[in-house]
Amino acid sequence: MSGQDNYLEAIQEALGHRFADQGLLRQALTHRSAVSSRQGRRAPRNAPRPAEAGSNERLEFMGDRVLGLLMAEWLLEQFPDEPEGALGPRHASLVSRNALAPIAESIGIASALRIAEHEEQAGIRSLANVQADAMEALLGALYLDAGLEPARRFVREKWKDLLTSQITPPKDPKTTLQEYVLARGYKLPDYETLSMEGPSHAPRFTVAVSAMGETGEGVAGSKRQAESEAATVLLRRLNRSRKGTKDRK
């Protein structure tokens with residue numbers, strides 16, 4: 001058994017599901033750079049393209065919706081008396097990159113990813129957004145291979161601690177950042193869309209936000225989520241700067 005096969009076995013064990021279609025599993029763990037590097041090589045004319053040859057972007061698109069549905073269902077069960085205005089922030093937090101990346105790391109997604117050599121050297125395997133995207137792709141593959149129930153079991157096992165720790169609804173990072181800077185007498189945060197890349201079915205927005213002389217960047221599949229990611233990054237930076245200032249006093 002090859003090293004890659006060992007990684008695939010470990011991922012299936014972590015998911016609690018053995019794929020009937022192993023091509024779906026391989027595709028979920030194929031970064032787009034690996035596809036681009038293969039496409040640069042000359043293939044035999046009219047050669048059939050294997051089902052798993054594509055990147056995980058389409059499965060990520062599916063997995064994002066699967067996770068969103070399962071989380072909405074679970075929140076309605078757990079908080080039957082809570083209004084939509086409170087459920088929304090809970091949901092956004094639980095499906096965010098900050099929630100996905102640690103779970104992806106805990107099941108060994110980074111080691112199982114197929115990535116082009118030049119990207120490997122750049123260290124993208126360990127990036128939170130790459131692992132989070134692959135986690136969504138795995139959920140999409142799990143749904144397509146076996147339906148909602150295996151995906152539901154996995155989500156409720158891995159997200160349980162995150163959900164139960166939300167005693168009160170979390171605030172949206174943009175709201176938190178706004179309150180943070182205004183409380184200190186600074187101007188409102190300034191958001192700027194730096195780029196929009198990728199196909200229409202899987203766009204990738206890069207957004208920067210500036211406040212208090214610092215800047216944070218976020219990358220996500222929607223402008224709104226990219227702004228939220230950028231606000232999260234900037235909040236961490238501002239809190240670190242503030243702590244460093246206190247430590248020097």
Side-chain angles (χ1 to χ4, degrees), residues 4-5 7-32 34-35 49-79 87-88 90-115 127-164 198-204 219-222 224-225:
Q4 180 65 25
D5 287 338
Y7 290 134
L8 297 182
E9 286 295 320
I11 290 293
Q12 290 179 101
E13 184 175 344
L15 291 172
H17 173 75
R18 173 160 292 279
F19 278 76
D21 183 353
Q22 291 286 308
L24 280 172
L25 175 61
R26 292 181 182 276
Q27 184 177 348
L29 294 167
T30 299
H31 186 261
R32 62 182 175 182
V35 176
R49 189 181 183 198
E52 67 270 21
S55 80
N56 61 9
E57 290 180 326
R58 287 170 61 86
L59 289 175
E60 177 197 340
F61 172 82
M62 173 65 78
D64 175 66
R65 276 68 184 171
V66 171
L67 179 59
L69 171 62
L70 292 175
M71 200 57 68
E73 171 192 66
W74 198 9
L75 286 170
L76 288 177
E77 292 175 12
Q78 292 295 310
F79 305 99
L87 292 172
R90 290 189 190 277
H91 188 276
S93 174
L94 291 165
V95 302
S96 70
R97 180 190 303 170
N98 290 338
L100 282 155
I103 292 170
E105 185 175 4
S106 74
I107 68 171
I109 278 181
S111 299
L113 282 172
R114 292 194 289 180
I115 295 175
L127 294 180
N129 65 301
V130 171
Q131 295 190 50
D133 290 348
M135 186 69 257
E136 287 184 330
L138 275 174
L139 288 172
L142 191 56
Y143 166 73
L144 291 175
D145 194 65
L148 275 178
E149 190 51 39
R152 182 183 287 113
R153 284 198 302 269
F154 176 78
V155 167
R156 295 199 175 197
E157 175 190 351
K158 295 298 182 181
W159 268 261
K160 182 179 179 180
D161 289 344
L162 285 174
L163 185 140
T164 56
S200 58
H201 69 270
R204 183 66 77 230
V219 181
S222 71
R224 179 178 179 181
Q225 185 59 35

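Here the side chains of Leu144 and Asp21 are not in contact, with every heavy-atom distance at 4.5 Å or above. Side-chain atoms of Arg114 and Arg26, non-hydrogen and from C-beta on, do get closer than 4.5 Å to each other. By the 4.5 Å heavy-atom criterion applied to side chains, Tyr7 and Leu29 are not counted as neighbours. Contact of the Leu70 side chain with the Leu139 side chain is not registered, since no non-hydrogen atoms from C-beta on lie closer than 4.5 Å.
Here the shortest heavy-atom pairing between Phe19 and Gln12 reads N-OE1, 2.9 Å. Considering all non-hydrogen atoms of both residues, Leu94 and Ala99 come closest at O-CB, 3.4 Å. The two residues Gly147 and Pro150 have their closest heavy-atom pair at O-CD, 3.4 Å. In terms of heavy atoms, Asp145 sits closest to Arg18 at OD2-O, 4.1 Å. Annotation for Ala28 and Leu59: closest pair N-CD1, 3.6 Å, computed over non-hydrogen atoms.
In Arg224, the CZ atom is not crowded: 12 or fewer heavy atoms of neighbouring residues, nucleotides or ligands sit closer than 6.0 Å. When the shell of 6.0 Å around CD of Glu13 is examined, it contains 12 or fewer heavy atoms from other residues, nucleotides or ligands.
In this structure, Glu149 CD and His17 NE2 are separated by 12.0 Å, a value rounded to the nearest 0.5 Å. Lys160 contributes atom NZ, which lies 12.5 Å from atom CG of Leu162 (distance to the nearest 0.5 angstrom). Atom CZ of Phe154 is separated from atom CG of Leu67 by 10.0 Å, given to the nearest 0.5 angstrom. One distance of note links CZ of Arg90 with CG of Leu163; it measures 7.5 Å at 0.5 Å rounding. The structure places CD1 of Ile109 at 10.5 Å from OG of Ser111, a figure rounded to the nearest 0.5 Å. Taken to the nearest 0.5 Å, the CD atom of Glu73 stands 7.5 Å off from the CG atom of Leu148.
With Glu105 contributing its side chain and Ala110 its backbone, the two residues share no donor-acceptor pair below 3.5 Å. A donor-acceptor distance shorter than 3.5 angstrom exists from the side chain of His91 to the backbone of Gly68, with no hydrogens or angles considered. The backbone N or O of Ser55 sits less than 3.5 Å from a side-chain atom of Gln27, completing a donor-acceptor pair.
Between Glu136 and Arg65, no side-chain nitrogen of the basic residue sits less than 4.0 Å from a carboxylate oxygen of the acidic one, so the salt-bridge criterion is not met. Looking at Asp133 and Arg204, a side-chain N of the basic residue comes within less than 4.0 Å of a carboxylate O on the acidic one, giving a salt bridge. Look at Arg152 and Glu77 and you find no salt bridge, because none of the NZ, NE, NH1 or NH2 atoms lies under 4.0 Å from a carboxylate O.
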Exercise for the section: Give the intermediate values and the outcome of side-chain contact (heavy atoms from CB on, under 4.5 Å) for residues Lys158 and Ile107. Expected result: CA-CA 10 Å; Lys158 295 298 182 181; Ile107 68 171; 4.0 Å; yes
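Among Thr30, Leu142, Leu138, the one residue that satisfies the side-chain contact (heavy atoms from CB on, under 4.5 Å) test with Leu25 is Leu138.
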